[in-house]
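Below, each value reflects all heavy atoms present in this structure, side chains not excepted, and no hydrogens, waters or symmetry copies. Chain letters run A, B, ... following the sequence lines, proteins first, then strands; residues in each count from 1.
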Amino acid sequence: MASARIHVSMQSKYDRVVLLVDMDCFFCQVEEKQHPEYRNRPLAVVQYNPWRGGGIIAVNYAARAKGVTRHMRGDEAKDLCPEIVLCQVPNIREKADTSKYRDAGKEVANVLQRFTKLLERASVDEAYLDITETVNHRMQQMQSGAFALQPQELVNTFAVGYPNIGDFVNKITNRFANPYMDDERFQMSYDQNDLPAVRQSDIRLLIGASVAGEVRAAVKKETGYECSAGIAHNKILAKLAAGMNKPNKQTILPLAETASFFDSLPVGKIKGLGGKFGEVVCETLGIKFMGQVVKFTEVELQRKFDEKNGTWLFNISRGIDMEAVTPRFYSKSIGCCKKFPGRNNITGLKTLQHWLGELSSEINDRLEKDFIENNRRAKQMVVQYVQDIDGEEVASSRSTALKDYDQESIVRFSLDLIKANTKTFLRPGSESALNNAIK
DNA sequence: CATTTTGACGCT
DNA sequence: AGCGTCAAA
């Protein structure tokens, strides 16, 4: 099958203007909106709370100032910040149910959607917007005098490499007064074919920032939620920029600043390099920073990694990312899961059936809601589970095609899949004990 | 016993 | 098809 990633084909690598909109400590904001009395207080969202106060999955900025972080238990947060409000993810069917936050994320996406057809939801609280068309239109209006940037649209706007946004605007203004000011450097640094886009890059990103300001104002006005945004020529850079200034701020990553910025940017900050592959890249190349990758040729990188990853690294290290913003509003899959650590391991058939029932019930509700909203039905179901086999964690997944289904059939299908996949499902000699505990 | 619960995508 | 990786709250 062809790769799922679609790449843009266009005259230049710098023609697009892409936004990444990221909600600030989103689950906390959802709780603060629901409970106005919690506003302006340190707050965190936890899942479950009997064991050491629950696990923290979101922390607002007042609580971060006290040293509270994700990963901590609720009790640790209380130690650091006794006045903190700990909101629990709702427990429905004896498990954490994050539907409330999915619904809130959809509410935000409904606002974002009005600004472009090219909206790609990247997670419950993040979306990429390709606003190239709007920027092109405003460029034309600007040339005819029908549109002008208003400074008040750029409050809370930053540009990487500039101490404040005013300096960035001044530079662009000076360039209008003297169009050949930067041109010698542009001609030395970029491909001939890219020069028209390079010459317009800064002003187009600045217009993009004004659009981003409007997007964020609309989200705030219509949902009450605050967000941060990155403005750049592609997804990787927009995502990177969005994290530079938070909360409730937006950041431009100017084309000409990318190289010097990358010189001190740890490799792992780039989306896709935050895990094992990023570690391998650093060890293999003997480097720490993104800018150090440019010292290697594309062929060298392909030899050290593989053809695809080598080319990807070569381009990304130069700030080039041709991956398209692929329109997608609804998720491709709907799933739920629960862990059963330690003494909660599922060891008996009855318990397994019970939890398959709970999970199937949630899935069934969400599939029904999805059918009503989006008029689609699930075609396939996948059961995933982790077993304890001789003290080792062994993950498995099995799938089956779905035609008609309801909660009962989902339970039956999932149990059948697990049974069919397990040589010794029940412990020999027992009617009810699983041979391998499910974690 | 202990982040957990999601979701997308790449490799083989 | 099944497994693994990466990322977000």
Side-chain angles (χ1 to χ4, degrees), chain A residues 1-6 20 22-31 43-60 69-77 87-92 95-102 104-105 108 120-128 225 227 236 239 242-243 268-280 306 308-309 312 323 326 328 330-347 359 362-363 366 380-386 388 391 393-401 417 421 437 439:
Chain A
M1 193 170 69
S3 165
R5 299 214 185 268
I6 295 171
L20 184 276
D22 179 13
M23 307 308 294
D24 302 322
C25 55
F26 187 48
F27 288 14
C28 294
Q29 284 203 75
V30 172
E31 296 298 335
L43 181 148
V45 175
V46 299
Q47 289 184 120
Y48 307 114
N49 70 4
W51 191 74
R52 308 214 330 178
I56 293 179
I57 56 172
V59 184
N60 77 358
T69 65
R70 216 156 55 188
H71 229 80
M72 277 176 186
R73 307 305 304 188
D75 289 351
E76 296 171 75
C87 292
Q88 261 188 87
V89 176
N91 256 15
I92 306 177
K95 68 176 283 299
D97 185 314
T98 51
S99 299
K100 177 164 76 170
Y101 312 109
R102 270 191 297 274
V108 171
E120 177 179 343
R121 297 186 66 191
S123 75
V124 66
D125 82 316
E126 269 189 349
Y128 293 94
Y225 298 127
C227 57
I236 288 279
K239 169 73 181 162
K269 298 289 183 187
I270 295 283
K271 186 175 183 181
L273 294 176
K276 293 178 188 179
F277 182 54
E279 295 275 304
V280 169
D306 62 33
K308 181 167 166 277
N309 281 315
W312 185 80
E323 194 181 302
T326 307
R328 193 185 64 245
Y330 292 105
S331 65
K332 296 179 175 181
S333 66
I334 291 174
C336 66
C337 57
K338 173 152 182 66
K339 284 195 162 190
F340 305 94
R343 67 152 30 85
N344 294 330
N345 282 182
I346 297 175
T347 55
L359 293 169
E362 180 180 331
I363 282 296
R366 287 170 57 190
Q380 184 193 43
M381 76 173 265
V382 181
V383 181
Q384 300 177 64
Y385 54 99
V386 177
D388 183 323
E393 285 196 6
V394 180
S396 306
S397 79
R398 289 296 182 271
S399 59
T400 186
L417 283 174
N421 183 232
K439 312 179 76 157

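Remark: the backbone N or O of A:A437 is not paired with any side-chain donor or acceptor of A:D388 at under 3.5 angstrom.
A straight line from CD of A:E362 to C1' of B:dT4 spans 13 Å, rounded to a whole angstrom. Atom pair A:L20:CG and C:dA8:P shows a separation of 9 Å (rounding to whole Å applied). What separates OH of A:Y101 from P of B:dT4 is a distance of 17 Å, to the nearest Å. The distance between atom CG of A:D75 and atom P of B:dT3, rounded to the nearest whole Å, is 14 Å. Rounded to whole Å, atom C1' of B:dT3 lies 11 Å from atom OH of A:Y48. Rounding to whole angstrom units, CZ of residue A:F27 and C1' of B:dT4 are separated by 11 Å. Nucleotide C:dT5 holds its P atom 22 Å from the CD1 atom of A:I270, rounded to whole Å. Rounded to an integer number of Å, the gap from CZ of A:F340 to C1' of B:dT4 is 12 Å.
At the heavy-atom level, A:K439 lies nowhere under 4.0 Å from the strands shown. No contact: A:C28 has no heavy atom under 4.0 Å from any strand. Among the heavy atoms of the strands, none lies under 4.0 Å from A:L359. Nucleic acid contact class of A:E323 (heavy atoms, under 4.0 Å, all strands): none. Backbone-only contact: A:F26 has heavy atoms under 4.0 Å from sugar-phosphate atoms and none from a base. Among the atoms of the strands shown, base atoms are found under 4.0 Å from some heavy atom of A:R70. Nucleic acid contact for A:I334: sugar-phosphate only, since backbone atoms but no base atoms lie under 4.0 Å from a heavy atom of the residue. If you check every strand for non-hydrogen atoms under 4.0 Å, A:Q380 touches sugar and phosphate atoms only. Within 4.0 Å (heavy atoms only), A:D97 reaches no atom of the nucleic acid at all. Counting non-hydrogen atoms under 4.0 angstrom, A:G54 reaches nothing in the nucleic acid. Across all strands, A:E126 comes closer than 4.0 Å only to sugar-phosphate atoms, never to a base (heavy-atom distances). Nucleic acid contact class of A:R121 (heavy atoms, under 4.0 Å, all strands): none. Nucleic acid contact for A:K100: none, since no nucleic acid atom lies under 4.0 Å from a heavy atom of the residue.
Using P as the reference atom, C:dA9 and B:dC1 are 31 Å apart when rounded to the nearest Å.
Between the side chains of A:S99 and A:D97, at least one donor-acceptor pair of N or O atoms lies under 3.5 Å. Inspection of the A:Q29 and A:Y101 side chains reveals no N or O donor paired with an N or O acceptor under 3.5 Å.
Of the two residues contacting DNA chain B, namely A:W51 and A:C337, the nearest-nucleotide position lying further toward the 5' end is that of A:W51.
Between A:L417 and A:S399 the shortest heavy-atom distance is CD2-O, 3.9 Å.
The nucleotide whose nearest atom lies closest to any side-chain atom of A:K339 is, among B:dT4, C:dA9, B:dT6, B:dT4.
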